[in-house]
Chemist: 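After the structure tokens below, expect a handful of questions from me.
These values consider heavy atoms only, across backbone and side chains, with no hydrogens, waters or symmetry-generated copies. Predicted, not measured: the structure shown is a model, and the values here were computed from it.
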Amino acid sequence: MCGYHMTTRRRFLLGTGALAASAALPNVLFAHTGGSARLVVVILRGALDGLAAVPPCADPHYAGLHRELAIAAPGVADGALALDNTFGLHPSLGFLHEGYVAGELVVFHAVASPYRDRSHFDGQNVLENGLTKPLGSADGWLNRALAALPRGTTGREAGRAVAISQNVPLILRGEMPVISKSPQATPDVDEELLARLADLYSKDDWLSARLSEAVQTEKLADEGGIPADSRAMTEPTAASAQPALTAGQNGAVRPAAPDRVSGVARMAATLMRSEGGPDVAVIEAGGWDTHANQGAARGTLAQRLAGLDKALRALKDELGPLWPQSAVLVVTEFGRTAAMNGTRGTDHGTGGCAFLAGGAVRGGRVIADWPGLARSALLDNRDLRPTLDLRSVFKAVLDEHLRVDAKTLATRIFPDSSGARPLQGLMRA
């Protein structure tokens, strides 16, 4: 399990006789596109239960399969927030529902990557590498997309892409340089010593700049509401080149404090708004592996969803004037079983849900070729059968929002994806 340490006035990196300081915010990745579009990808590690987040209340088999985990229909106590005649949103997702009503949210259901087994690690690899199998690529589809944009506008120069994380997730690894800032824990530094350091480094431009960056980043972190001594909120990244995952058997994810995700989102948005700030951010949040005591309208999953909803609201609030040109993709490695298990939870499944939010999104709709939850319709007699490839969503966003051309998408970004044609009309013109 990777930890992190928030850099403050009391925490610094010391090395080779010089002081360098940077903030460590868990699993937030940044890059530049050089254009006006902004993109945030939120990866929910652990496998979100799409049948709880976006309950198909009108499906006659839903309540019987999900049993006490099922979300009631709209209009009753603790009922879903209405979307259309079939689907609702979990009652904890109030901000997302506001976005839907305002035409700034598209909900996708019965969606999945090409992966059809049920390992967290392999599923996350496929989600991030853009291929049909977990191994075979050391780079991610988002990095390939950024590198494919015209030279001079992609941040190919070293240092133009920043990973404020101990490890760079696979989705953003590749040709385009990504710097990872990850400080080490060191003894506390008091105000008097800080003043002495400022005086000592005043005649050295490099050291003075590093000290100034640390203080400024702490200010951003404080505004983001991240506790200085918080620990990592997610498991390590899925890429096989990273250190071995120790989150638990079969990739179980250590739960994250919901409010911590809000702080991460707020700081990401603040950095994106800063002068010369990044255009693309990747945020990871764990805690979605709900094998036991999942809950329904209230409980463990409800708290997680409320934290996610709060984080997305914070992202919009902090992006401010950038929101109209922003798109936020929320995805997970796979869905969960249609039926509740014996420990009042759900197990690893296949089909699930995804969200696309933002001021640049042509929303207010659910996109789903719903297969139904009859036993005969389930995949392997247990899972929601996917009818939409996530790569069709990714391609549409990259095409319509970042302007990656169709040929590059089909051959370089998502090879062997001819069956996953990009959706049309997801973004505002």
Side-chain angles (χ1 to χ4, degrees), residues 2 4 23-33 37-46 48 113 123-130 137-149 154-155 160-182 224 232-239 241-242 253 256 260-273 277-286 288 308 311-312 314-315 318-319 322 326-333 354-358 390-391 393-394 397-398 401-402 404 413:
C2 289
Y4 79 91
L25 187 63
N27 308 314
V28 183
L29 288 300
F30 302 105
H32 288 274
T33 67
R38 300 295 188 272
L39 175 63
V40 179
V41 179
V42 182
I43 301 176
L44 306 181
R45 298 198 184 277
L48 168 67
S113 77
Q124 289 169 25
N125 274 350
V126 173
L127 178 70
E128 297 179 67
N129 68 20
S137 176
D139 57 7
W141 62 263
L142 185 52
N143 190 290
R144 294 197 296 272
L146 292 171
L149 293 174
T154 66
R160 292 286 305 278
V162 181
I164 305 181
S165 174
Q166 285 192 328
N167 299 306
V168 179
L170 176 58
I171 190 173
L172 203 51
R173 270 187 255 149
E175 174 184 336
M176 198 183 87
V178 176
I179 295 174
S180 179
K181 293 188 175 182
S182 180
M233 71 176 183
T234 70
E235 67 175 58
T237 59
Q242 295 296 344
V253 182
R260 200 170 298 157
V261 185
S262 266
V264 170
R266 189 174 294 111
M267 186 173 180
T270 302
L271 290 170
M272 293 179 83
R273 282 189 60 186
D279 305 323
V280 174
V282 175
I283 298 172
E284 302 171 289
W288 305 95
L308 172 65
L312 295 174
L315 192 64
E318 290 299 324
L319 282 173
L322 293 180
S326 298
V328 183
L329 264 170
V330 183
V331 295
T332 193
E333 63 260 37
F355 303 101
L356 177 63
L390 263 175
R391 293 173 298 174
V393 179
F394 298 157
V397 173
L398 294 177
H401 195 50
L402 297 188
V404 181
I413 314 303

Chemist: Partners of F355 by ring-ring contact (aromatic ring centres under 6.0 Å, His included), sequence neighbours excluded?
Modeler: none

Chemist: Measuring from atom CE of M267 to atom CD of E318, what distance do you get when rounded to the nearest 0.5 angstrom?
Modeler: 11.5 Å

Chemist: Indicate the atoms forming the closest heavy-atom contact of V40 with I283, along with that distance.
Modeler: CG1-CD1, 4.1 Å

Chemist: Using side-chain heavy atoms (C-beta onward) and a distance below 4.5 Å, is L142 in contact with L39?
Modeler: yes

Chemist: Quick check against the 3.5 Å criterion: does S113 have a side-chain atom that pairs as donor or acceptor with the backbone of L390?
Modeler: no

Chemist: Going through the distances and angles, do V282 and V168 end up as a side chain to side chain contact (heavy atoms under 4.5 Å, CB included)?
Modeler: CA-CA 10 Å; V282 175; V168 179; over 6 Å; no

Chemist: Could you state the interatomic distance from CD1 (I43) to CH2 (W288), rounded to the nearest 0.5 Å?
Modeler: 13.5 Å

Chemist: Applying side-chain contact (heavy atoms from CB on, under 4.5 Å), can you list everything that pairs with A314, at least two apart in sequence or on another chain?
Modeler: R266

Chemist: Are R38 and D279 ion-paired here, with the side-chain N under 4.0 Å from a carboxylate O?
Modeler: yes

Chemist: Check whether any side-chain heavy atom of D139 lies under 4.5 Å from a side-chain heavy atom of E175, and answer yes or no.
Modeler: no

Chemist: Could you give the distance from CD1 (I171) to CZ (R144), rounded to the nearest 0.5 Å?
Modeler: 10.0 Å

Chemist: Quick one, V331 and F394 - any side-chain contact, counting heavy atoms below 4.5 Å?
Modeler: yes

Chemist: Can you tell if the side chain of L149 reaches within under 4.5 Å of the side chain of V404, non-hydrogen atoms only?
Modeler: yes

Chemist: Would you say the side chain of R173 lies within less than 4.5 Å of the side chain of N143, judging by non-hydrogen atoms?
Modeler: no

